[in-house]
Structure formats: structure tokens, C-alpha cells
Amino acid sequence: MQKLNWRRIVLKVGSALIAPDQDGCRSRYLLTIAQFIVRCRSQGIEVILVSSGSVAAGAHLFPKTQERTVAMKKAMAAAGQTEMMAMWDRFFDFPSAQILLTHGDLRDRERYESIRETVFTLLDHGVLPIMNENDTVTTDDLKVGDNDNLSAMVAAAADADALMIFSDVDGLYDKNPNLHDDAILLPEIKSIDESIYAMAGSATSAVGTGGMKTKIEAAEKATSHGITTYIINGFKEQTFTKLLEGENPGTIFLPYEKPMQEAVHWMTHTASEQGEVVVAGSYDESLEGETGCIRGDEIVAVHGEFAIGDTILVRSSDGTRLAKATANYSSCLLNFIADNEQSEFSDKMQDSIGPVISEKDIALLEKS
Ligand SMILES: Nc1ncnc2c1ncn2[C@@H]1O[C@H](COP(=O)(O)OP(=O)(O)O)[C@@H](O)[C@H]1O
Ligand SMILES: N[C@@H](CCC(=O)OP(=O)(O)O)C(=O)O
């Protein structure tokens, strides 16, 4: 076995591998994944596991005849999560730790920092973090909704150098291989654009969430942070042999040559905007090529309610999404500034407060 040059990796395991028949957890596929984790750790590679499957694992505890309401699924997740953790734990002779998260936790910078600190402390002490979305407490507004995107946010937060998404297919095909016999496997993706998203269909298994679309979104999030991303088949033993030999067993998404810095990446891909400011001019006239900060007299409108420290969207008056930013002032004060833009009082205030959003708090979005 060759020495692998990963320092820290995030493995995402889909529900179909945990509870393929929705009849409790099955160790059939997980044993091989657990052995892979043990081998990586024995080479000094830090591993973080994002494990889906609580709903599928808990399904057998509830009557099949009853309608699967949201409340029922949450109950399945609560019950299935303990079964799943117990099963993972059985495979390892080192300790593991459960971390359950929501998007509400990840998009709040303080809670995000706290999650990172906990993950790094666990890794420093040889404990395997096993993460999942906290399905019992999520609402539509608070959830990531799929563990592909969650694993990419985790990989970025943990500064991992590889994200491996283990699924029930060999990788990304040019169309859904479960529906098209002539689908072709794509071994390497250099950059992700609309043509790549166009290949993605939805999940065809009874337990999967998101299908290929959310895996491509995850790959885009991760590669933009410099994290090599794989979509690979967790059902096949040779997948793991190949990975350990340094080969690509499925689809590899190459990392951006100029990855985003952690804080900019968090603002762009993890934080969600609490409101928006509209600035005068188009994309090219406003942020691009300018000093990069925003002055009060550039703001023409403020939408939504936000507080200092919240993430906001900056839009140009032609509607283009320009940037995400951390608000240095509340929506209330920015509204006041925008409304009094021409007044003498505003000029004085303008001089005293300087830019309302400073350059270091802005993450430019790509021109769409
Ligand atoms: N272009 C594609 N290439 C590969 N699989 C695809 C594609 N489009 C849709 N799929 C579907 O995505 C499924 C994997 O996603 P999903 O069921 O959500 O898995 P998981 O539970 O591992 O997250 C595959 O089984 C396949 O049916
Ligand atoms: N959080 C959910 C999994 C959501 C999800 O993304 O599932 P999958 O598509 O199988 O990775 C659960 O534990 O059942």
C-alpha cells in the first residue's frame, strides 16, 4: 500500500449504504468503509465521517402502513441515529463522537467557529467525529436538507484536503445510469458549470436525498475551497483498494487553482443572507475594479431586517448579485442613510462613519 498524501479527509456515506432495505442498519457495506477509515488513520490521516441514514435506519421501528409525515420522519431520524452510531462504534477500537448540526448552526459565525474548535479538538485526541444533520430539530428555514452539501460545508470548515462521497453509483455519468443503459462514466471534472449540472438527475433509490445534483453542488463548494472531491461507489470493495493505491475509482473533481480563503468561502457557500442592500450601477461599475468598499451614498435601497454582523447580499440596481458581505451597520441605520442620501446631515455622517461595508468584509460573487 502506498503512502497517501492526504492530511485530513471527510467521508460522506449515503443512506443506501447504511440501511439499504430500510429494515435497520446493515453492516454489509459499512465494514469495508470502516476498514478504509482504520487504514487511513493508521497512515496518520485525520478522518471525519458524515453519515446519512438515520431516517432509513429508524424506518423499521414505525408501522409501514402509516403515512410518512414530517413528524414521523423526524421520529425515525431520532431513533435511527442511535442505532447508526452504535453500529459505527462497533467497528472501531478507538472512540467516536456524534455531532448533529443544522444550517442554522453553520451559518452563524460564532456557532460555526465553535463547531470547528470541537472537531479539531476531537481530531487532536484521536476521536473520530461522526456528523449528520440534526433532523429532529430542523425546519425548512434551518436545514441544509442533504448531507452532500453538509459534507462540503464540513470539509471546508475542517480545512480538509479531500472530500469522498460514497454513494450507490460508480461516479458522475453523463446521464442517470439507472435510467439510461448508454450512460458514460466521467472520470475527471476540471470545472463545474451548467453543462455538468445538466447531467444530474434525481435519486432513484427509496432512501437517497438529492441524487446527483446535490453531489455536484457539494463538489463545487468543496473544490472552490481547494478540496479535491470524489464521487465513488461505496458498494464495491475495489473502490477502497483503488483509493488506497492512490487511484481514482470513480469521478474526481479537481480543486480550483486559486481556492477561496476560509472566511470568504464561508460567506459565499455556508452563510445565508439575512437581507440585502442595492447599490447604484451595474456589476462592472460598482464592485469590480473599484476599491471594493461600499459607501453610504452608493446605497439606493435596503431590503429585510438585519443586525451588525449578519451576512447580507449586495445587489446592483440592475438586479445582479454582486457580493456577500458582513453588515457593519444594522438595516435600520442603512435605511436611514439611504433615505437621507442627499441631505447635509448625511454628508457629515458619511464623513464620520466612512465606508458602510469595508473591503475585508466583502466576498465578491462570480459574475453570472
Ligand atoms: N448523471 C448521474 N450520474 C450518476 N447518478 C445519477 C445521475 N443522475 C442521477 N443519478 C442518481 O443519483 C443516485 C445517487 O444519489 P442518492 O440516491 O441521493 O445517493 P446517496 O444516498 O448516496 O446520497 C444514483 O443512484 C442515480 O440514480
Ligand atoms: N440526514 C438524513 C440524510 C439526508 C441525506 O442527504 O441522505 P443521503 O442522500 O442518503 O446522503 C438522515 O440521516 O437520514
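Numbering of ligands and ligand atoms starts at 1, following listing order.
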Heavy-atom nearest neighbour in the protein, as seen from [atom], with distance rounded to 0.1 Å:
atom	result
atom 17 (O) of ligand 1	Ala203 CB, 3.2 Å
atom 27 (O) of ligand 1	Thr204 OG1, 2.4 Å
atom 2 (C) of ligand 1	Met212 CG, 3.5 Å
atom 3 (N) of ligand 1	Tyr173 N, 3.1 Å
atom 4 (C) of ligand 2	Thr209 OG1, 3.8 Å
atom 21 (O) of ligand 1	Gly208 CA, 3.5 Å

Charged N to carboxylate O under 4.0 angstrom, [X] versus [Y]?
X	Y	result
Arg109	Glu262	yes
Arg26	Asp23	yes
Lys215	Glu217	no
Lys175	Asp182	yes
Arg321	Glu273	yes
Asp170	Lys236	yes
Asp135	Lys74	no
Arg107	Asp310	no

Task: Minimum heavy-atom distance between Gly53 and Ser15, given as atom pair plus value - done: N-OG, 3.5 Å
TODO: Indicate the atoms forming the closest heavy-atom contact of Asp161 with Arg8, along with that distance.
DONE: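 Heavy atoms of Asp161 and Arg8 come nearest at OD1-O, 2.7 Å.
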For ligand 2, which atoms have a heavy atom of [X] less than 4.0 angstrom away?
X	value
Asp146	6 (O)
Asp135	1 (N), 2 (C), 12 (C), 13 (O)
Asn147	1 (N), 3 (C), 5 (C), 6 (O)

- [ ] Treat each ILVMFWY residue as a node, draw an edge where side-chain heavy atoms are under 4.5 Å apart, and state whether Phe166 and Phe92 are in one component.
- [x] yes
Once you restrict to heavy atoms under 4.0 Å, what part of [X] touches ligand 1? Side chain, backbone, both or neither.
X	answer
Lys215	side chain
Lys12	side chain
Ser202	backbone
Ser167	both
Asn176	both

TODO: Would you check if Ile252 and Ile189 make a side-chain contact, meaning some heavy-atom pair closer than 4.5 Å?
DONE: no
Task: Side-chain heavy atoms of Ile196 within contact of Glu220, under 4.5 Å - done: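 No, too far: nothing below the 4.5 Å cut-off.
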Under a 4.0 angstrom heavy-atom cut-off, which atoms of ligand 1 come close to [X]?
X	answer
Gly201	7 (C), 8 (N), 9 (C)
Asp168	13 (C), 14 (C), 24 (C), 25 (O)
Pro177	2 (C), 3 (N), 4 (C), 5 (N), 6 (C)
Ser15	21 (O)
Gly171	3 (N), 4 (C)

[X], any N or O under 3.5 Å of ligand 1 N or O:
X	value
Gly14	no
Asp174	no
Gly211	yes
Leu172	no

Just checking, any donor-acceptor pair under 3.5 angstrom between side chains of [X] and [Y]?
X	Y	value
Asn149	Lys221	yes
His225	Asp159	yes
Trp88	Ser51	yes

Open item on the list: Measuring from atom 14 (O) of ligand 2, which candidate in Leu100, Val55, Ile18, Leu17 has the nearest non-hydrogen atom?
Closed with: Val55
TODO: Would you tell me which option among Gly14, Ser51, Ser52 has the nearest heavy-atom contact to atom 3 (C) of ligand 2?
DONE: Ser52
Task: Pair Lys12-Asp146, salt bridge (charged side-chain N to carboxylate O under 4.0 Å, His left out): steps then yes or no - done: CA-CA 11 Å; Lys12 186 262 169 173; Asp146 69 89; over 6 Å; no
Open item on the list: Heavy-atom contact check, 4.0 Å cutoff: does Gly234 meet ligand 1?
Closed with: no
TODO: For ligand 2, indicate whether the residue Lys12 contacts it via side chain, backbone, both or neither (heavy-atom separation under 4.0 Å).
DONE: side chain
Task: Geometric N/O contact Gly53 with ligand 2, under 3.5 angstrom - done: yes
Task: Close approach of Ala77 to ligand 2, heavy atoms, under 4.0 angstrom - done: no
